[in-house]
Protein chains: 2
Amino acid sequence: MASRTTSKARQVVAGARPETRQAENFRQIRREHAHEIAEDYVEAIADLSATLGEARVVDLARRLGVTHVTVNRTLARLREAGHVNTKPYRAIFLTESGRKLAEECKRRHQTVVAFLRSLDISEKVAEKDAEGIEHHVSQETLAAFVRHLAAAAAGIRSSR
Amino acid sequence: MASRTTSKARQVVAGARPETRQAENFRQIRREHAHEIAEDYVEAIADLSATLGEARVVDLARRLGVTHVTVNRTLARLREAGHVNTKPYRAIFLTESGRKLAEECKRRHQTVVAFLRSLDISEKVAEKDAEGIEHHVSQETLAAFVRHLAAAAAGIRSSR
DNA sequence: TTCATCTTGTAGCCATAGCTACATATTTTC
DNA sequence: GAAAATATGTAGCTATGGCTACAAGATGAA
């Protein structure tokens, strides 16, 4: 049992395409993964700064659902990446690049949520799914969401 | 500088909500992350089995864009999770639960792609974004996608 | 000012997910 | 049937992203 098809055939098929198109997609998604956390952090820092006047390690930990240890280490990497400025025992500040990233994320997040809401998805689920989806929405797809929202708005306007 | 707001105020605000709603969302998404790889693997195994007659480690590696070592180790975990049956140096087979999971993933994937296509997103981008998005689409959101597709189809029918 | 409390930092553990290098099994080819 | 090629397996490295436990700094109150 477990008999194989002839290896010849398989090799021809596989050898002809040493890389599937999917392989590159998967790789890309894995790369995006690394960015996700950075995006979540800068977004949270921006939000906390706006809300509480400053972002601190404990606040971030609570917000992100991790311990302060995890926050600490991630902040170290964000600092190396140039997204935040931190000093020991002091509040966390975004750099220019961090602020820019946070801006983009926020806009994208809001667009995704609004788009899901326009499909009659409940606010709670829209918020939650957006959190997972937003990191994988390309420029083209985001633009399509915006188009759809604009069309829906136009529809509402014309129907009253 | 870097003056803090009064800690009192912060503590009250933070203390009142030891857990933000977002924290649970983030935690959930991290949990989903663990499933993503399992889903990608069973889907690839199902697809390769259908296409080539069997799924082998090298094929999976090529398809997923990783080395055979990574495939091997992940398969070990999938075997523990009861999704696949493997024997050394033999092809990989899905168990009943693996097959079921693959089925679900495939349907969801196709739905997401079709939905994105219906927004005039190019096939290439739709495929790629779907790969990242699909793992974070809840039942409710998936249902909304299906609704939208049905409505679009009805619109086309009635307009010709 | 000192003491208690809260916050931040550090050491070091675990699991996942990638890798290279090397060893072994299987398959194909001659 | 032996050699070459391919596939699979294993050892052990890296980085990420969780954690607990403990140490040390900062703040607020007595």
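Chain naming here is simple, since letters A, B, ... match the order of the sequence lines and numbering starts at 1 in each. Note that the structure is a prediction, hence the values are computed from the model and not measured.
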Less than 4.0 angstrom from a charged side-chain N to a carboxylate O is my criterion; do A/Arg63 and A/Asp47 meet it? yes
Any donor-acceptor N/O pair, B/Thr111 side chain to B/Arg107 backbone, under 3.5 Å: yes
Out of A/Glu32, A/His35, A/His109, A/Arg108, which one pairs with A/His135 under the side-chain contact (heavy atoms from CB on, under 4.5 Å) rule? A/Arg108
Flag if over 12 foreign heavy atoms under 6.0 Å of CZ, A/Arg21: no
Verify, without hydrogens or angle tests, whether A/Thr86 (side chain) and A/Ile92 (backbone) share a donor-acceptor contact under 3.5 angstrom. no
On DNA chain C, nearest-nucleotide positions of A/Ala55 versus A/Arg27: which is more 5'? A/Ala55
Distance check needed: D/dT16 P versus A/Arg77 CZ, whole Å only. 5 Å
In whole angstrom, give the distance that lies between atom CD of A/Glu36 and atom P of D/dG17. 10 Å
With the threshold set at under 4.0 Å for non-hydrogen atoms, list the residues of residues 66-73 of chain A touching DNA chain C in residue-number order. A/His68, A/Val69, A/Asn72
Could you run down the sub-3.5 Å N/O contacts of the protein with nucleotides 23-25 of chain D?
| unit_1 | atom_1 | unit_2 | atom_2 | d |
| --- | --- | --- | --- | --- |
| D/dG25 | O4' | A/Tyr89 | OH | 3.1 |

Between atom CG in A/Leu60 and atom P in C/dC6, what is the gap in whole Å? 20 Å
Can B/Glu96 and B/Arg99 be counted as an ion pair, charged N to O under 4.0 angstrom? yes
Assess whether atom CD of A/Glu103 is packed by more than 12 heavy atoms of other residues, nucleotides or ligands within 6.0 Å. no
note: A/Ile92, atom CD1; C/dT8, atom P; distance rounded to Å ~ 7 Å
I'd like to know if the side chain of B/Asp129 and the backbone of A/Ser138 have a donor-acceptor N/O pair within less than 3.5 Å. yes
Separation of D/dG17 atom P from B/Ile29 atom CD1, nearest Å, is 15 Å
Can you check the B/Leu48 CG to D/dA7 P distance for me, whole Å? 13 Å
Side-chain donor-acceptor contacts of residues 113-120 of chain A below 3.5 Å, not counting sequence neighbours, with atom names and distances?
| unit_1 | atom_1 | unit_2 | atom_2 | d |
| --- | --- | --- | --- | --- |
| A/Arg117 | NH1 | A/Ile121 | O | 2.7 |
| A/Ser118 | OG | A/Phe115 | O | 2.6 |

Please give, in whole Å, the distance from C/dA17 P to B/Leu75 CG? 13 Å
Can you measure B/Arg30 atom CZ to C/dT16 atom C1' for me and round it to whole angstrom units? 14 Å
